[in-house]
Amino acid sequence: MSDKNVTENFITQIIDADIANGKHSNIVTRFPPEPNGYLHVGHAKSICLNFGLAQDYQAICHLRFDDTNPEKESNEYAESIKADIQWLGFDWGENNFHASDYFEQLYGYAEQLIEKGLAYVDDQTPEQIRENRGDFTTPGINSPYRDRSVDENLTEFRAMRSGEYADGSKVLRAKIDMQSGNINMRDPVIYRIKRMHHINTGDAWCIYPMYDFTHCISDAIEGITHSLCTLEFEDHRPLYDWVLDNIDIDCHPQQIEFSRLNVSYTITSKRKLNQLVENQLVDGWDDPRMSTISGMRRRGYPPEAIRNFVKEVGISKKESVISMTVLEDAVRNVLNKTAPRVMGVLKPLKVVIENYPEDKVEMLTGSNHPQDESFGLREIPFSREIYVEQDDYKENANRKFFRLTEGREVRLRHAYYITCREAIKDAEGNVVELRCTYDPESRGGTADGRKVKGTIHWISAAHAEPVEVRLYDRLFNHPKPAAVENFLDSINPDSLEILPNAMLEPGIVDQDKDVAYQFERNAYFKRDKTHETDRPVFNQVVTMRDSWAKLEQEG
RNA sequence: UGGGAUGUCGCCAAGUGGCUAAGGCACCAGGUUUUGAUCCUGGCAUUCGCAGGUUCGAGUCCUGCCAUCCCAGCCA
């Protein structure tokens, strides 16, 4: 991969051309969320694009809250958005703006449109406006108020601002073309009356500008050069341009649309995500199974992995669904290089090594990363009673099973060769303990040239630290849950598996909370936010590739 | 029988008329390995939605067709 944040795409080509031909000396981008919810992977794409482009061109990217509809906005959301962007590794510096910072200027531009005869106050009811807008095949009908005089419009609009009219009783509309094939151009509403407390301007206003009027002007005020948004705004671009062409402003940013990011087996609709939270189908917005940025953070995804993922996926105008495996691969790639290796037994099975002295404890040396010596070594206690993974024993196993079964010898990672002698079962026939013997000459895991195919992980029973481990699977069973009639029907009932009795090698529970570990042969894990020293909880970040699981499934 | 967009390998995605159609994921086959992990090697589109046409030469240009997505909030 290149050292750029954003690989070449049709947008960088436009930018390069604009710089080459002198249209711009450099770029200014912006990420413009409405603070009405939590950010998800889809937003991550936009953040990585806008901030990444700014870094690549040594330019700046603004964070602008698109707060024109106080109905759904809150400071809590705004704060979470900032935290998510920072966590992803981006910095807006001094450039945190709000559309509401421009309310006064916006109002001025609205009066300007009125003075030019390009906007009018409409007294029709919302229903009348909708009816007269027409539909895809029927042109709209001009409002009876469309030809009010400039003076009357000015008077009416000022009265709207000063609070003389009830909410919803009047709107300001741009006078464009009720016959347009593009419905956005059929005299779009640009101001509405809404008596509502605003998170930034309080009760200063009772009229609020609409997105289409606000966004382009905000971009222009800030000197944005390239205004990047998603495909559904393609139809709005003529309106974006119309507004800027018809007010007195000397900056005209270029709106460019790209396709949204969809990841298979996930959902990115704010409404649906909210439903999951409301119905307590997940543990809040940051549930590790959620596609929210806070969810991925809690899960343990490294921000670098998300950045790499977005970069890998690319930018285009094609509607697409990216396989979740691409995201997981990005996570594994980072974790493989950064995660210290430790041993953790998820489903413990006790093993007694019959020929090992009862009270002996010896310290064995293990490497913290087999491919990177800089991770150093650690001492691991070994004793007569250990735990191994339940799945590492199988009765009547065939030759392909390189693990424990009666009479088979395996290597204990960093320790000794042991041979399984007998499985002890309870009354129901469940294997509850293994009796094994070890080869004292094989300390460290090497012996005479005997070939032992299998190496398994283990933990000294007396030294094991009990932890709760949470395993995650996809939240939905359907690759495109949003396409299912009722997306809740496609929820995977087994997306969370709690293992309350996992065992971890000593010395890990109190380590740095920001470290993700590889529990060798299992998966990558990271502390959950609820983790306490006396009640440790680890989340599975992502499994490792498992070709054995495939073989086993095939039989 | 409105307007806007998109169609290159199972999923993404380069390609901007001229050598054998990049790369990643997935998949398959080998090798190394004290993680059935990692790593390494090799295989994975005679063909670019379809049909015509222009050209010495087309995924790239033209015409027609087909498929899919978005738009009728006083949401963004």
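Hydrogens, waters and symmetry mates are skipped; everything else that's a heavy atom, side chains included, is used.
- Applying the 4.0 Å criterion to OP1 and OP2 of B:C70, one finds that A:Arg260 has every side-chain N and O outside that range.
- Within 4.0 Å of A:His215, counting heavy atoms only, lies no atom of the nucleic acid at all.
- At a threshold of 4.0 angstrom between heavy atoms, the contacts of A:His236 include nucleobase atoms, whether or not backbone atoms are also involved.
- Distance noted for atom C1' between B:U8 and B:U16: 15 Å (whole Å).
- Using a 4.0 Å cut-off, no side-chain N or O of A:Arg332 falls inside it from OP1 or OP2 of B:U38.
- A distance of about 47 Å separates the P atoms of B:G73 and B:G18, rounded to the whole Å.
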Q.
How would you summarise protein contacts on nucleotides 2-15 of chain B per nucleotide, using B for base, S for sugar-phosphate only and - for none, with heavy-atom distances below 4.0 Å?
A. BBSSS-S--SSSSS
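- Within 4.0 Å of A:Pro370, counting heavy atoms only, lies at least one base atom of the nucleic acid.
- Residue A:Lys400 is in base contact, counting any heavy-atom pair closer than 4.0 Å across all strands shown.
- Comparing the C1' positions of B:G52 and B:G15 gives a spacing of 24 Å, expressed to the nearest Å.
- B:U16 is unpaired under the Watson-Crick or G-U wobble criterion, no partner having all donor-acceptor distances under 3.5 Å.
- Between A:Tyr438 and A:Tyr416, the gap from one ring centroid to the other is short of 6.0 Å.
- Checked by atom type, the side-chain pair A:Arg408/A:Thr419 shows no donor-acceptor distance below 3.5 Å.
- Spacing between B:C27 and B:C11 at atom P, rounded to whole Å, works out to 15 Å.
- Interface residues of residues 118-130 of chain A facing RNA chain B, ordered by number: A:Gln124, A:Thr125, A:Pro126, A:Ile129, A:Arg130; criterion, heavy-atom separation under 4.0 Å.
- The pair A:Arg158-A:Glu164 does not count as a salt bridge, with every side-chain nitrogen at least 4.0 angstrom from each carboxylate oxygen.
- Using N1 to N3 plus N6-O4 or O6-N4 for Watson-Crick, or N1-O2 and O6-N3 for G-U wobble, each under 3.5 Å, B:A29 pairs with B:U41.
- The six-membered or imidazole ring of A:Tyr191 lies near that of A:Phe157, with a centre-to-centre distance under 6.0 Å.
- Rounded to whole Å, the P atom of B:C39 lies 39 Å from the corresponding atom of B:C70.
- Between A:Phe525 and A:Phe519, the distance from one ring center to the other falls under 6.0 angstrom.
- For A:His414 and A:Phe382, the distance between ring centers is not under 6.0 angstrom.
- Side-chain nitrogen and oxygen atoms of A:Lys550 include at least one within less than 4.0 Å of the OP1 or OP2 phosphate oxygen of B:C27.
- Under the 4.0 Å criterion applied to side-chain N and carboxylate O atoms, A:Asp123 and A:Lys170 are assigned as salt-bridge partners.
- Pairing for B:G57 is absent, with no Watson-Crick or G-U wobble pair whose two atom distances lie under 3.5 Å.
- At a cut-off of 3.5 Å, with distance as the only test, a side-chain donor of A:Asp101 or A:Asn200 sits close to an acceptor on the other residue.
- Side-chain proximity of A:Arg403 to B:C70, B:G36, B:C75: nearest is B:G36.
- OP1 or OP2 of B:A26 has at least one side-chain nitrogen or oxygen of A:Arg545 nearer than 4.0 Å.
- Between the C1' atoms of B:G10 and B:C71, the separation comes to 31 Å (whole Å).
- Within the 4.5 Å cutoff, the side chain of A:Asp372 has no heavy atoms near those of the A:Lys337 side chain.
- Using P as the reference atom, B:G23 and B:C65 are 38 Å apart when rounded to the nearest Å.
- Taking atom C1' in both B:A67 and B:A51, one finds a spacing of 15 Å when rounded to whole Å.
- For the residue pair A:Asn262/A:Lys480, the side-chain donor-acceptor check at 3.5 Å is not satisfied.
- Side chains of A:Asp235 and A:Asn184: a donor-acceptor N/O pair is absent below 3.5 angstrom, by distance only.
- Using a 4.0 Å heavy-atom criterion, one finds that A:Phe401 contacts the bases of the nucleic acid, with or without backbone contacts as well.
- A cation-pi contact links A:Arg161 to A:Tyr107, judged by a cut-off of 6.0 Å to the six-membered ring centre and 45° from its axis.
- At a threshold of 4.0 angstrom between heavy atoms, the contacts of A:Met210 are confined to the sugar-phosphate backbone, with no base atom among them.
- Note on A:Tyr191: nothing from the nucleic acid sits closer than 4.0 angstrom, heavy atoms only.
- On a pure distance criterion of 3.5 Å, no polar donor-acceptor pair joins the side chain of A:Glu71 and the base of B:A76.
- Residue-level contact check: A:Arg413 touches the bases, meaning some heavy atom is under 4.0 Å from a base atom.
- Among the protein residues, A:Gln371 comes within range of the nucleic acid bases, having at least one heavy atom under 4.0 Å from a base atom.
- Nucleotide B:C50: paired with B:G64 (Watson-Crick or G-U wobble, both distances less than 3.5 Å).
- Minimum atom distance to the side chain of A:Asp66 is reached by B:A76, of the listed B:C75, B:U35, B:A76.
- Under 4.0 angstrom from either OP1 or OP2 of B:C75 there lies at least one side-chain N or O belonging to A:Arg192.
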